[in-house]
Amino acid sequence: GKEAEAGPARSPPGGVAASATSCLLPPLLVPEQEEDQEHSEAHMSVLWFAGQLAITYYDTEDCSVYFMPDTPDNEDLKLLQKVIGEVLPQCIMTSAKQDQNIAKFLTNLKDTADDKDTRKPEIVLFPNTDFGLEVSKQRILSRQFPFIPSHMTATEKILYLSSIIPFDSPLMIRALGGLLKFLDRRRVGVELEESTVAVPILAFKKFVLSDIVNMDQDTYCVLQIFKSDIHPSVYKLSSGLKEGFSLYGILNRCRCKWGGKLLRLWLTRPTRNLTELNKRLDVIHFFLLAQNHETVLTLQNCLKNIKNVPLILKRMTLSQSKISDWQALYKTVYSAVGLRDTCRSLPNTIELFQTISRVFTDDLHYIASLINKVVDFEGSISENRFTVRPNVDPTIDEKKRKLMGLSDFLTEVARKELETLDNHIPSCCVIYIPLIGFLLSIPRLPTMVDKSDFEIKGLDFMFLSEDKLHYRSARTKELDSMLGDLHCEIRDQETLIMHQLQTKILEKSEVLNSVIEYTAHLDVLLALAVMARENAYCRPHFTHRHGFHIKDGRHPLTELCAKTFVSNPVNSGEATGRIKIITGPNSSGKSVYLKQVGLIIFMALIGSYVPAAEAEIGTIDGIYTRIHSRESVSVGLSTFMIDLNQVAKAVNNATERSLVLIDEFGKGTNTMDGLSLLAAVLRYWISQGTQCPQVFVSTNFHSLMQLELLPDTPLLQYLTMETQQDGDELIFFYQVKQGISTVSHAANIAALAGMPVKIIERGVEISERIRSGKAIERIDHPSKGDQMERCKSLVEKFLCLDLDDPCVDLEEFMRKEVLPSAASVL
Ligand SMILES: *[C@@H]1O[C@H](CO)[C@@H](O)[C@H](O)[C@H]1NC(C)=O
Ligand SMILES: *[C@@H]1O[C@H](CO)[C@@H](O)[C@H](O)[C@H]1NC(C)=O
Ligand SMILES: *[C@@H]1O[C@H](CO)[C@@H](O)[C@H](O)[C@H]1NC(C)=O
């Protein structure tokens, strides 16, 4: 066959590149097929040894191996927990000869994951020899990878692989060795393929979790970062779950699938790496400048056409590609070239643009022109199979020409056949049916009723279809031997060419992986920029000092629902106001304020602009929360247990760089107990001085202040939500101000709730008396009942008097009936 020749690994062969750089044909406009929703699974291999952890897993969705080089993790295996929570592996494998600690961890994982929405991972133990270092190295180096060109020498291959796999991370290499063994034994993803088809591995992708900000699932939940699922899994969202109202939901303006996934990943991995955060913010800043609006539109347009390349590559390795895959790939590559050209025209001070300019190599041109030269899209669409263009393979062209000329030729043959046929037969034609061959087709005459009537001398009857009788004749047999296999041959040859094309493209898949990685990056940052522009977010500035200064902060979700949203500041410094105690009546906005602080800080830590007028953010290493979610209706001891659990986490793990948000601590327990515990926790933090975390506590325990349970220190700051009494009504301003809310406003809230005025008045009276230490008088005294009776009878008697009667002596009546009783009334 004559195809574009194979070139060296990275640079395209001169001829092809030269023709390609001139101009690429834009993709055909054909209706797109919906992408199939693939069921994806992850299989993980972990090793923990001497305080080092190595994790590697295979994701069937993009056929990639993800690995975390050897990283310190202590005995509670927090990193492992985090990755398992993100990835939700189907299966976790480790060595049978493992440290007890990790064995226990994995067993507990199995037992406690009783949530019906999370599948328990299957724990698989392999003999320790399967994780041997040398064995594992050999297993990696001897494996065939589609992205490694077949002409590479063994040495070149080793060099290439060591540039992407850290062979100096022994634990990781051993875990990877075990993973490969596992994949091949289970035949993950290729269960239904022939045994010669290996599990495809299309890329190796490194991840590091060294600078992650600590946040637990509860925090993700109460801050409404993710809504639809319990787990903020990056990998498992796609399966039809609808994202509810959440931070992810409002930020996800991504245009391609892998952009949405990357945003999710960023949300699960808020980072302390300021270099990384500032890089992201620089790009958003650039997109927000008015003069770059055109560029933004151009980039967004290109992004639309970036398709699910990992899925396409996977189908190619398994030889399951469809014609729509070829179109999607061409479209993607064509648009990627457009993106690169745009990025090349942008300032190279922004690293992302520089990277795209560099890593979107001319291999893209090579791939595009290869597809363009080989694939006959129009023909493929009309025949619904892969067909090649003319001039790709002369033998195919020759065969196609024969077939083209065939119809005239067959008419001629049919004419000759008709001459030899009985005169009753008015017409006939010669047709070709793949796999059966050439046939003589004759219309069924009314006289032909039974099968025996179909017999014609000199012809072999084959079948009846659509009122036409089909026969083989001497001539058609001759045609069969001459041309019969033409169709099949063309089909086979075209399939072969498709395989060659696939191999060539897979060998260049490195550039396609880069395309997916960096377009996802661009996509997320464009989405964040759109969000920032539409909602007037500001760029957060990071400082190495502790504390925050946020001017006019808003809650990113609530502000979208409320007609007007009152913005509020957040200020805390090195030695002042590290602990904020927020009081105020229910529904005055305390919880919203707490969550808003959490969300603004969180958004800054993923590199997004934030809903505020100005934001200066100190270093943060963790966010700890105890905020009651609206769903948790059960108030009681169990709530209090959860409370304690979460607060204990904060007390044990929060550092001076942590943010702690506690809403209504002690709900559900006896007031005195709750109050004492809260005071104890706060006093503990106060005693830490400048090592104290940034704490925001909202409380209804006014006695915390009244009983002066806390020391007088500048670390402590009291905030309250501004309200105003307007007659009977309580007006909420949702404005934070310094101070303590002394009034409970219970009376107003009771009135709003429709409580009878008499009862409220009595409540206020009692409350006042308790406050001022006066005795409380009973109002249900027994003598009162008698008095009532006497009054009633007096009124009755009075009404019986006939005032028009001159004989009635009113004075007498008054003296006899009223005065004595009046005296007792007074
Ligand atoms: C921080 O991120 C940058 C990339 O943005 C990376 O080069 C650097 O190694 C990271 N720093 C650490 C300590 O991981
Ligand atoms: C309102 O505040 C009281 C204490 O003042 C508290 O006990 C109650 O749980 C709060 N109600 C709601 C619905 O939060
Ligand atoms: C965090 O706190 C919990 C207690 O709630 C404790 O079990 C865990 O070991 C602490 N983690 C670290 C890293 O200190």
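Every number for a ligand or one of its atoms is a count from 1 in the order of the listing. The first residue in the sequence is number 1, and the count goes up from there.
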K551, NZ: over 12 other non-hydrogen atoms inside 6.0 angstrom: no
Would you say the rings of Y66 and Y58 are close, in the sense that their centroids are separated by under 6.0 Å? no
For W258, which residues count as a ring pair (Phe, Tyr, Trp, His ring centres under 6.0 Å) partner, sequence neighbours excluded? none
Contact residues of ligand 1 with a heavy-atom cut-off of under 4.0 Å? D211, N273, E276, K279
A quick test of your reading: do over 12 heavy atoms of other residues, nucleotides or ligands sit less than 6.0 Å from CZ of F49? no
Within residues 164-176 or reaching into it, pairs that qualify as side-chain hydrogen bond (donor to acceptor under 3.5 Å, both in side chains) - sequence neighbours excluded: none
Contacts of type ring pair (Phe, Tyr, Trp, His ring centres under 6.0 Å), residue F147, not counting sequence neighbours: F145
